[in-house]
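Remarks on the structure that follows.
Throughout, residue positions are numbered sequentially from 1 according to the sequence presented. Computed from a predicted structure; not experimentally measured. In what follows, every heavy atom counts, from backbone to side chain, and hydrogens, waters and symmetry copies are set aside.
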Amino acid sequence: MSYTALYRKWRPSGFSDVKGQDHIVRTLKNQITSQRIGHAYLFCGTRGTGKTSIAKIFARAVNCENPEDGSPCGKCRACMNIGLGASLNVVEIDAASNNGVENIRDIREQVQYPPTEGKYRVYIIDEVHMLSTGAFNALLKTLEEPPSYVIFILATTEVHRIPITVLSRCQRYDFKRITIQTLTDRLKELSEAENIDVEEKALSYIARVADGSMRDALSLLDQCAAFHFGERLTYEHVLDILGAVDTSIFSQMFRAVVKRETTRCVYQLEDLVIQGRELGQFVTDFIWYMRNLLLIQTADNGEDMLDMSADNKKALEEDAKLADGETLIRYIRVFSELSNQIRYASQKRVLIEIALIKLTKPQMEHSYDSIIERLNKIEEQLEEGIPASPVPRGPAVSLPTDAGIMPGEGQAAVSPAGATQAGMTTGQTRPLSDPPREVSIPKAQLEDLQMIRNEWGKIIRSLGGVIRSSFRDTLVEPSGDSCLCVVFGNPDNYEIGRRPTIMGELENYVKNTYGKDIYFKTRLLGNGERADTIYVSDEELKNRIHMDITIEDE
């Protein structure tokens with residue numbers, strides 16, 4: 001007897017065998033049990049999730065002579081004939097090759113005749129989105145008012161291509177991608193039944209590569225088991241067969257990217273090419289690897305969301321400390337764009353090399369997140385005492401418009417957040433010999449101002465990321481009751497920091513940390529404007545004005 005592929009041999013024969021679609025199975029079983037069966041169903045979802053299998057099970061169940069809790073018994077004459085494909089009551093049509101008007105007219109003629117056995121005639125139209133416009137129009141009337149003994153089941157992977165007139169006449173069921181854990185458990189179960197000696201780690205990787213498709217998972221297992229027939233199927237074997245790479249390669253590549261070692265990245269990619277690894281799969285897996293790093297870094301208990309060993313989690317946690325969230329998002333964006341381009345590209349290696357150069361040299365990109373990464377790098381250098389670029393030494397009493405750096409020798413003193421407190425100006429230099437202006441404000445406003453100014457450096461450091469890099473050249477001034485204004489000395493930083501999302505993040509932090517509902521505004525320091533105003537309370541100013549005046553004799 002010829003060999004039968006695993007996905008065909010183990011196709012579900014009853015609702016209990018269906019994995020990962022419990023919400024659909026339960027609904028259909030309840031309809032059969034309560035005899036509230038519809039006349040038209042639309043099954044939509046990605047490949048290999050069980051659309052056609054459930055359609056066939058449903059066709060057997062509605063015609064079964066002795067259904068058991070809504071499932072077909074599998075023993076009666078109707079169940080056996082439908083299972084063998086010998087029943088005239090169940091017609092399966094491939095719309096990809098039968099998509100014309102004449103094919104639908106044949107169906108319209110056939111539905112006039114009642115079933116020869118059983119209760120219903122079931123038409124399963126697979127890949128229904130391939131029907132022509134004329135065929136859809138020909139189907140509409142029959143779909144809307146079919147005979148009482150006819151059921152239509154339409155299956156598609158591209159539901160957006162179905163006309164709304166057809167959608168409105170069907171009960172729609174969306175099939176979910178099957179989870180990695182469910183796929184792994186099913187593969188383990190079938191491996192034992194087929195006497196396939198395989199590592200569980202290998203099954204987990206096959207399940208992940210299958211991307212939610214049970215059929216793909218079984219086909220990959222079939223392929224791997226055939227290649228290493230008679231020996232234990234290991235994780236390394238699966239990597240070799242599928243052209244994939246071990247997670248340690250991703251860690252090495254990621255560390256090279258973070259250190260901006262372009263040459264090392266290109267050499268590692270060359271090694272993968274020499275080993276015959278599939279480059280498209282490498283891109284997909286590297287995106288997944290960086291996604292895991294982002295989860296560990298940003299999500300609460302993110303490591304609990306990852307299905308992997310403790311050693312692999314520990315390695316991921318170490319790599320996650322090497323880059324911040326904004327940088328990881330940029331890496332993922334660049335490689336996600338690459339994954340869309342590489343699918344039909346003839347020079348995949350060149351495209352990947354370009355992407356790696358973009359990651360290691362953000363100055364070659366002009367996107368927002370690459371600029372943020374460059375600013376963060378400059379900030380790190382400055383904190384380590386490494387100048388970002390040569391700066392002239394000498395006395396300075398003002399901060400130029402393009403200044404966004406911490407002061408060095410000869411520069412003006414700054415606040416904890418990096419703002420010049422005594423005479424921060426933009427544009428032209430203004431002498432600081434004039435005494436600072438004194439302005440009185442209500443006591444409550446002064447208390448809020450003093451609290452925020454005292455904590456400003458800590459606030460900026462705690463918020464980190466974009467705020468830490470763009471708020472380096474700022475100070476805070478009063479702007480009314482429960483309102484403060486962040487004054488920027490650098491126009492570029494002002495454009496970044498004035499966004500509502502950043503202001504909202506600042507307000508939420510102040511509220512959660514200090515219990516103060518303070519509204520923040522922003523403005524850019526005017527040309528030649530001084531920033532050394534002294535704020536005092538109304539009471540303090542009145543006390544100064546009403547002091548006793550003593551006139552001394554000459």
Side-chain angles (χ1 to χ4, degrees), residues 11-15 18 24-25 27-44 50-68 70-131 134-156 162 165-173:
R11 181 187 289 272
S13 58
F15 284 128
V18 177
I24 294 175
V25 168
T27 304
L28 295 179
K29 289 174 64 176
N30 288 342
Q31 287 191 359
I32 295 171
T33 303
S34 62
Q35 292 297 311
R36 301 183 63 178
I37 301 171
H39 69 278
Y41 297 83
L42 176 64
F43 292 171
C44 48
K51 299 185 294 298
T52 306
S53 296
I54 289 183
K56 291 180 177 179
I57 296 171
F58 186 71
R60 293 169 59 196
V62 295
N63 285 297
C64 181
E65 298 173 4
N66 305 298
E68 302 172 357
S71 296
C73 66
K75 301 176 183 178
C76 66
R77 181 179 178 183
C79 286
M80 296 181 66
N81 285 342
I82 294 174
L84 295 172
S87 175
L88 298 177
N89 289 344
V90 178
V91 181
E92 187 174 357
I93 301 170
D94 179 19
S97 55
N98 300 279
N99 56 4
V101 176
E102 62 278 3
N103 302 114
I104 302 303
R105 286 175 178 167
D106 290 343
I107 295 176
R108 291 174 59 181
E109 292 177 1
Q110 294 174 15
V111 299
Q112 299 176 16
Y113 305 100
T116 55
E117 61 179 7
K119 303 176 183 177
Y120 295 95
R121 299 196 69 175
V122 183
Y123 290 87
I124 302 172
I125 305 179
D126 201 10
E127 300 299 335
V128 68
H129 63 271
M130 298 293 288
L131 290 179
F136 271 123
N137 291 335
L139 182 63
L140 282 179
K141 188 63 177 177
T142 305
L143 200 62
E144 183 176 18
E145 297 178 358
S148 59
Y149 49 80
V150 172
I151 298 174
F152 285 97
I153 302 178
L154 315 180
T156 179
I162 308 297
T165 50
V166 174
L167 288 174
S168 63
R169 289 168 168 80
C170 301
Q171 293 184 25
R172 173 174 171 173
Y173 293 86

**Prompt:** Do the non-hydrogen side-chain atoms of Val122 and Asn63 ever get within less than 4.5 Å of each other?
**Reply:** yes
**Item:** Tyr120 vs Val90 side-chain heavy atoms within contact, under 4.5 Å
**Value:** no
**Item:** Considering all heavy atoms, the nearest Gly74-Met80 contact
**Value:** O-CG, 4.0 Å
**Prompt:** Roughly how far, to the nearest 0.5 Å, is CD1 of Ile57 from CD1 of Ile82?
**Reply:** 12.0 Å
**Item:** Value rounded to 0.5 Å, distance of CD in Glu145 from CG in Leu143
**Value:** 11.0 Å
**Item:** Atom of Leu88, atom of Arg121 and distance for their closest heavy-atom approach
**Value:** O-NH2, 3.5 Å
**Fill in**
Between Gly70 and Phe15 the two heavy atoms that sit nearest each other are O-CE1, 3.4 Å
**Complete:** Closest non-hydrogen contact found for Ala95 with Val128 is CB-CA, 3.9 Å
**Request:** Could you list all the side-chain hydrogen bond (donor to acceptor under 3.5 Å, both in side chains) pairs where at least one residue sits in residues 30-40, not counting sequence neighbours?
**Result:** Gln31-Tyr41, Gln31-Gln171, Gln31-Tyr173
**Prompt:** When rounded to the nearest 0.5 angstrom, what is the spacing between CG in Asn66 and NZ in Lys75?
**Reply:** 9.5 Å
**Asked** How about Ile107 and Ile104: do any of their side-chain heavy atoms sit closer than 4.5 Å?
**Response** yes
**Item:** Distance, nearest 0.5 Å, that separates CD of Glu127 from OG1 of Thr156
**Value:** 6.0 Å
**Prompt:** Does a side-chain heavy-atom distance below 4.5 Å link Thr52 with Phe43?
**Reply:** no
**Prompt:** Is there side-chain contact between Lys56 and Ile124, with heavy atoms separated by less than 4.5 Å?
**Reply:** yes
**Asn99 side, atom CG; Ile93 side, atom CD1 - distance, nearest 0.5 Å** = 11.5 Å
**Fill in**
Between Phe136 and Ile162, the two heavy atoms sitting closest are CZ-CD1, 4.1 Å
**Message:** Are Leu139 and Tyr123 packed together at the side-chain level, in the sense that at least one heavy-atom pair is separated by less than 4.5 angstrom?
**Reply:** no
**Item:** Validation row: Glu65, Cys73 side chains within 4.5 angstrom (heavy atoms)
**Value:** no
**Asked** In Å and rounded to the nearest 0.5 Å, what is the CG to CE distance from Asp94 to Met130?
**Response** 8.5 Å
**Request:** Answer whether the closest heavy-atom distance between the side chains of Arg60 and Ser13 falls below 4.5 Å.
**Result:** yes
**Item:** Residue pair Gly100 / Ala135: nearest heavy atoms and the distance that separates them
**Value:** O-CB, 3.8 Å
